[in-house]
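Reminder, nothing fancy here: chain letters follow the sequence lines and each chain counts from 1. As a basis for the values below, the full set of heavy atoms in this structure was taken, side chains included, without hydrogen atoms, waters or symmetry mates.
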Amino acid sequence: MGLLSDPNRRRALISLITRLNAPICLVCYLVGVTWFMGLAFEPFTLRTYMSENAMGSTMVEERFPAGERALVTGREFAAHKKKVGGMPVDWLVKTMQARGLEVFTQRFSRTLPFPDENKERYMVKGTNVYGILRAPRAPRTEALVLSAPCSPGDNNNQAVGLLLGLAQYFRSQVYWAKDIIFLVNEHDLIGMQAWLEGYHHTNTTGMDWSPLQGRGGSIQAALSLELSSDVVTSLDLVLEGLNGQLPNLDLVNLFYAFCQKIGVLCTIQGKLQRNDWDSVSGYSHAAQTMILMVMKQASGRPWGDHGLFLRYHIEAATIKGINSFRPYKTDVTTVGRLLEGMYRKLNNLLERLHQSYFFYLMPSLSHFVSIGYYMPAFGLLAVILLLRALDLWVQLGAPPPRAEDGTVEIVPSGPGFLSVFTPLVISHLTGAALYVLPIRLQGTVVEHFPVSETEAVVLMAIAIYTAGLALPHNTHRLVAGEGTEQEWKVLKLVAILYLAVLLGCTALINFSLGFILALTLVPMAAFITPHVSKVLSAVTMVFLSPACTLLFCVFFFQELQESPVTFHEAWVLYLSVISQGILDHALYGSLVYPLVALLVYPCWLLFWNILFWK
Amino acid sequence: MKTLILFSFFSTYLLANCSNIEDKAGQFFSSGHTNNWAVLVCTSRFWFNYRHVTNSLSVYRSVKRLGIPDSHIVLMLADDMACNHRNPKPATVFSHKNMELNVYGDDVEVDYRGYEVTVENFLRVLTGRLPPSTPRSKRLLSDDRSNILIYLTGHGGNGFLKFQDSEEISNVELADAFEQMWQKRRYNELLFIIDTCQGASMYERFYSPNLLALASSQVGEDSLSHQPDLAIGVHLMDRYTFYLLEFLEDIHPASKANMNDLFKVCPKSQCVSTPGHRTDLFLRDPRSALITDFFGSVRKVEITMETIDLPEPVQQVEETPVYGELEKETYSYVDQLPVSEIIHQKPKQKNWHPPDGFILGLWTLILMIFFKTYGIKHLKHVL
């Protein structure tokens, strides 16, 4: 007979699962974490390689000559920006037209749900300026985008200058098979969102923008440029986009290939690649790079202007010029040549980039880990939940122990539907309150307390979160009678399965977010019962809750970036991270805040309920 | 005495010349072909396959230079590189870097272009099974005294060649096509050159006589490209064809280089892959086959003042039917280009049919009306 249909074997298997459940779970957890850490070890990674035939090798001759002129243009742009006190629209339009592009502008305006204290804006009004270089002989069916943000102060002037210099150079070439759109967006991500929505005729975030007068066909790839100095020592590539989406690995390969050809230092996550992978410090360097990428991806926010393109299936990346203390400096002409080479190669594309991976982690710029290698780490953590669920199922199905004196035992009634349903409903209502109330009630809070709107929203969120901790007492006042042993087990079973499905779906879309949540929530879910010591488990649970995970992540992130912070600074940073999360959701449609508020937090509350089950 | 020696020298010289002429006349008929054809095919499209188009065009240029006219060349190019939007030098296709040699030029005649280059069209060209509406330039009008050069280039694998990124021709299909050509007596001798990855697999299955095959790489090897041009941004040619071309540049119409020299083109040191060839189906010694037998259209002209005695042609033996056997029908070759059917110069002999019912009825009606109005009156007068 088969393994599962033979009752003897089944019983043996079930007893194995029930007896060894805790050790197996522990082993799975340790193996999962070790697997994840081992991904950064270089022999377990693959070298990057160009998958797209049409892009071939770096066989182009880059001839961009006009770096100095680009810097002069940048300085002109800076002067006009200071004079106008914002985006110098007229000057940009005139300059782009002088370079032979078809120039159009787009106005947009947006009132944020509450003021953004990081960027100091609340009611945002702006203009995007873009010029289209039409391909001389090709039909206008495809386009490439090069964008530079118009930032306040002294930032990114050289980027706009280089953009205009490249526009002039590209205009004199005959080999373009796609239109090239040169975009200068105001208010970085908000302007970019307005432009993309206008280009694709969608309106997902409720922004107010004027329709685009000129269009260039379907966009195949986009690069965003951030350059704030006349010379650079290295170029940093930023990949993480909205909701943890990444561009196709071929774009990274292209960038890396050209960096090697031209001889520019290229970094990812701001860290330079090291060759000594077998030493401890070499391994930790790669692990740090990979964990930085995981944390950036988990935050779900776009880390560069390119991040919003990915939603429209346009492969995009941001290239940042970094000027640090190195002896060897690269001038703007070389950066221009690198971009020229990349665009000539992208010009050869016949289809969208699709040959290489869309899901990967990068411990360094020349090595990557594909989804097939990193998913088992998460799978091992999810298996713990399934084993626990199996164990509970077996326990629930086992017949109740007979009374010793042989009297007729009272068959305990099955767990009431209400006793399981009520905690579920109440947790989700709390989650909904966490999602909706902070923004809704910011006005009343500001009236009654001496805080700004941003602080009001964030502190409301934290308050509601903490208020949820008091729930079990209140729920039990509502639900009459005591809960039985069966009931909390059923609730825990439902909660574990709910968590497993939730984490699984999250990991599919955004592996990093799913993995980080799993790291903290799975051990908690596995070992919480009403019978463990209340105080200790309560404290542990609070430490493993999503909010504290976020706080630890903030600490850890700053450590990895080599700018460690004190607790007070971390707290301030933490508050700003929460406000940014809520803003990202309102402005660009990031899903991290709704996921945590509406799904993860109620799930955690369910377990909190189980802990305080009476 | 002196005159005697002189006379003897003179007569020996004459005699030698005579026999020289005889030898030369003998050489006229050694190859057995009277006309040359070439079918040059590039099977890949897309800009990054620029080098395949250059391969075909370079062989086209050489073959034209050595004498085969455009009317005898079927050139099939699957994509237009000269006018591709990505070409920084429009209307040119270069074969040497630094843009030394434009093989596209002003006088290229492409017979099958773009999506017309399919496996079906290629096989129809080879076997001659084309619809009557096909123009002359798209036909291979070879006969049993034609030497044909077939050159294929593109992406291939073990036993197949890819056409246009959507279909393939297998080595078995190709061998069968050549057998059809042999049975229809469409070639005298055929030289098959293929420059693709694993090219030797394409000639493994040939079984028809008088085939000579060359490939740029063996099974399991890749054929490599030669040189990139950084200004254009693509590889310009494949190695095997590049060195083949260098070899052909030294050939002129009167050259006596033979096939053994062709087999030595592009050794492994230059080509990285191992070129292969197949001579077992070729009935002559490859040493006696000249390069110009296939690559050029050499008109053999010898001016002489002597008369040459040509031997009698072979007598056709009349077979008399023995023991009441049925007489064999005389076979004639299928008309390759049935011009008369296409242009309708001679009216077709239609069989005569008796007039059908409608005409009969109409005439009967007319006659009846005629006689009704006029006939009875006249009859009255007559009678």
Side-chain angles (χ1 to χ4, degrees), chain A residues 50-65 133-144 169-180 216-217 220-221 250 254 257-258 260-262 337-355, chain B residues 43-54 78-100 102 104 114-115 154-157 162-166 196-197 222-239 242 272:
Chain A
M50 191 68 88
S51 299
E52 173 69 59
N53 256 334
M55 290 213 289
S57 59
T58 55
M59 247 176 346
V60 281
E61 202 179 328
E62 303 92 1
R63 287 204 220 107
F64 178 65
L133 186 152
R134 298 286 181 196
R137 292 172 283 150
R140 299 168 181 192
T141 47
E142 290 171 350
L144 298 169
Y169 177 70
F170 283 179
R171 184 71 179 84
S172 58
Q173 310 301 324
V174 295
Y175 47 67
W176 296 113
K178 303 182 204 289
D179 294 344
I180 305 188
Q220 307 287 70
D250 266 336
L254 186 67
F258 271 100
Q260 290 208 300
K261 179 184 182 201
I262 295 194
R337 290 220 173 126
L338 188 138
L339 288 170
E340 179 199 350
M342 283 184 80
Y343 271 87
R344 266 202 87 176
K345 280 286 141 189
L346 287 171
N347 182 40
N348 283 353
L349 279 179
L350 297 148
E351 309 163 292
R352 288 185 192 273
L353 287 169
H354 67 283
Q355 301 278 8
Chain B
T43 59
S44 17
R45 56 171 41 240
F46 303 140
W47 173 246
F48 55 87
N49 290 322
Y50 186 97
R51 58 190 191 277
H52 296 140
V53 172
T54 321
D79 201 1
D80 179 14
M81 296 306 167
C83 297
N84 193 308
H85 310 308
R86 295 168 182 81
N87 195 346
K89 300 275 181 240
T92 60
V93 173
F94 289 107
S95 69
H96 280 69
K97 69 171 180 218
N98 302 325
M99 298 184 230
E100 288 164 12
N102 174 14
Y104 200 66
Y115 287 107
H155 287 291
K162 181 175 78 155
F163 268 69
Q164 298 262 19
D165 217 29
S166 60
T196 64
C197 303
D222 287 340
S223 285
L224 301 178
S225 51
H226 183 68
Q227 46 181 320
D229 183 313
L230 296 182
I232 302 182
V234 285
H235 284 287
L236 292 185
M237 265 187 99
D238 283 330
R239 281 177 189 247
F242 183 78
V272 187

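Nearest heavy-atom pair, Ala231(B) versus Arg63(A), reported as atom, atom and distance to 0.1 Å: CB-NH2, 3.7 Å. Counting all heavy atoms, side chain and backbone alike, Pro90(B) lies closest to Val174(A) at CD-CG2, 4.5 Å. Between His85(B) and Pro139(A) the shortest heavy-atom distance is NE2-CD, 3.5 Å. Minimum interatomic distance between Gly233(B) and Arg344(A) (heavy atoms only, all atoms of both residues): N-NH2, 4.5 Å.
Taking Ser223(B) as the reference, Ser216(B), Ser217(B) meet the side chain to side chain donor-acceptor pair (under 3.5 Å) condition, with sequence neighbours excluded. Under the rule for a side chain to side chain donor-acceptor pair (under 3.5 Å), the partners of His155(B) that lie at least two apart in sequence or sit in another chain are Asn49(B).
At most 12 heavy atoms of other shown residues, nucleotides or ligands fall within 6.0 angstrom of atom CZ in Arg171(A).
When the candidates Asn53(A), Asn347(A), Asn348(A), Leu350(A) are compared by the number of heavy-atom contacts under 4.5 Å with chain B, Asn348(A) comes out ahead.
One distance of note links CG of Leu349(A) with CZ of Phe48(B); it measures 10.0 Å at 0.5 Å rounding. Taken to the nearest 0.5 Å, the CZ atom of Arg86(B) stands 10.0 Å off from the CZ atom of Arg137(A).
Proximity to chain B (any heavy atom under 4.5 Å) is shown, for Ala135(A), by neither the backbone nor the side chain.
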